[in-house]
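Quick notes on the structure that follows.
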Amino acid sequence: MVRRTKEDAQVTRNHILDTAVEVFNHKGVAHTSLNDIAKEAGVTRGAIYWHFADKLDMFDAMINRLICPLMINAEDREARIAADPLRFIKDATLEFLGRMLNDANFRKVFEIFWHKCEYVGEMAAIRDCHLEEGENHIDILQRAFTLAQEQGLIDRRLTPHQATIGLISTIDGLLFNWTKNPAMFPLADYALPIFDCYFRGLGVTRPAI
């Protein structure tokens, strides 16, 4: 009975977060109230507060729920890097792109984060927290690029940090502009050739993606 209650609570929590994604994406974070989300989700305001302290807590949970399962945060990450660092970098890149293309909730969360939230006051603190997590991802990719360079998989025209920043900038640039205006270019058609050229430009000694 207790287990079922916990499962029901998790279902309700996920339903509230799914609804929050839709409402935030439609109205923007600043113009959305917890009452708006409760009404759209078909739950009471009390149910909202049972799961979330406030709108900031909900916004943070919305992001963490989708970002945490990514390969770059996986338990076997270090083993993957040690086994084939360049493959890890490519697979992590393709996973992220695939989620953006095929997971509507995932994509909408990034649209909200990039385009539909004003980062002032407490919201700025939430953004900074997730920027720190992004810096952790940069460190992970840099370690993988360092090992790839040591194994002769990429040449030494760029440092591992430069290679990492170049990759992150390419990913962010593509996705920021595509989520802002999907009519600008077809991401599914453009992404692979662009990243193939990027990896080849690093002097990759085997087929890129």
What are the two closest heavy atoms between [X] and [Y], and how far apart are they?
X	Y	value
Y198	L167	OH-N, 3.2 Å
M123	C117	CE-SG, 3.1 Å
F113	F59	CD1-CZ, 4.1 Å
A47	I16	O-CD1, 4.1 Å
N25	K116	O-NZ, 2.6 Å
A82	L147	CA-CD2, 4.0 Å

Neighbour count above 12 (heavy atom, 6.0 Å) for [X] [atom1]:
X	atom1	answer
W114	CH2	yes
Q10	CD	yes
E40	CD	no
F176	CZ	yes

Is the F110 ring parallel, tilted or perpendicular to the F96 ring (thresholds 30°, 60°)?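 The arrangement is perpendicular - the two ring planes meet at more than 60°.
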Step-by-step side-chain hydrogen bond (donor to acceptor under 3.5 Å, both in side chains) determination, H115 to T179: CA-CA 8 Å; H115 308 301; T179 53; 2.8 Å; yes
Does a side-chain heavy-atom distance below 4.5 Å link [X] with [Y]?
X	Y	value
N181	N177	no
V109	R65	no
M58	L34	yes
F52	R13	yes
L174	F195	yes
V21	T19	no
R80	R77	no
E22	N105	yes

Do [X] side-chain atoms and [Y] backbone N/O form a donor-acceptor pair below 3.5 Å?
X	Y	result
Q162	T159	yes
D196	L192	no
D103	F106	yes
Q149	L158	yes
H137	I72	no
Y49	D54	no

Check step by step if salt bridge (charged side-chain N to carboxylate O under 4.0 Å, His left out) holds for R143 and E78. CA-CA 10 Å; R143 291 206 311 273; E78 297 306 320; 2.5 Å; yes
Using only heavy-atom distances, determine whether the side chains of D57 and H51 contain a donor-acceptor pair under 3.5 Å.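 The criterion, which ignores hydrogens and geometry beyond distance, is not satisfied for H51 and D57.
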Between [atom1] of [X] and [atom2] of [Y], what distance do you get to the nearest 0.5 Å?
X	Y	atom1	atom2	result
R107	L187	CZ	CG	9.5 Å
R87	I81	CZ	CD1	14.0 Å
I140	I138	CD1	CD1	10.5 Å
T12	D8	OG1	CG	6.5 Å
I171	T93	CD1	OG1	4.0 Å
K39	S33	NZ	OG	10.0 Å

Measure from the ring center of F145 to the ring center of F88 and say whether it is less than 6.0 Å.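 No: the rings miss the under 6.0 Å criterion.
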Decide yes or no on side-chain hydrogen bond (donor to acceptor under 3.5 Å, both in side chains) for D36 and H31, but give the supporting numbers first. CA-CA 9 Å; D36 294 331; H31 297 290; over 6 Å; no
Answer with yes or no whether the hydrophobic clustering places M62 together with Y119; edges join I, L, V, M, F, W, Y residues whose side-chain heavy atoms lie under 4.5 Å apart.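 Yes; tracing contacts between hydrophobic side chains, which count when under 4.5 Å, links both residues.
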Same cluster for V11 and L66 if Ile/Leu/Val/Met/Phe/Trp/Tyr side chains link at under 4.5 Å?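 No; tracing contacts between hydrophobic side chains, which count when under 4.5 Å, never links both residues.
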side-chain contact (heavy atoms from CB on, under 4.5 Å) with I112: which of I63, V23, T32, V29?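 So the option named by the test is V29.
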Where do L97 and L175 land on the side-chain contact (heavy atoms from CB on, under 4.5 Å) test, with the steps shown first? CA-CA 8 Å; L97 289 170; L175 297 181; 4.0 Å; yes
Using the rule given for side-chain contact (heavy atoms from CB on, under 4.5 Å), can you reason through L202 versus D155, listing the C-alpha separation, both sets of side-chain angles and the distance that settles it, and then say yes or no? CA-CA 6 Å; L202 293 175; D155 68 25; 5.7 Å; no
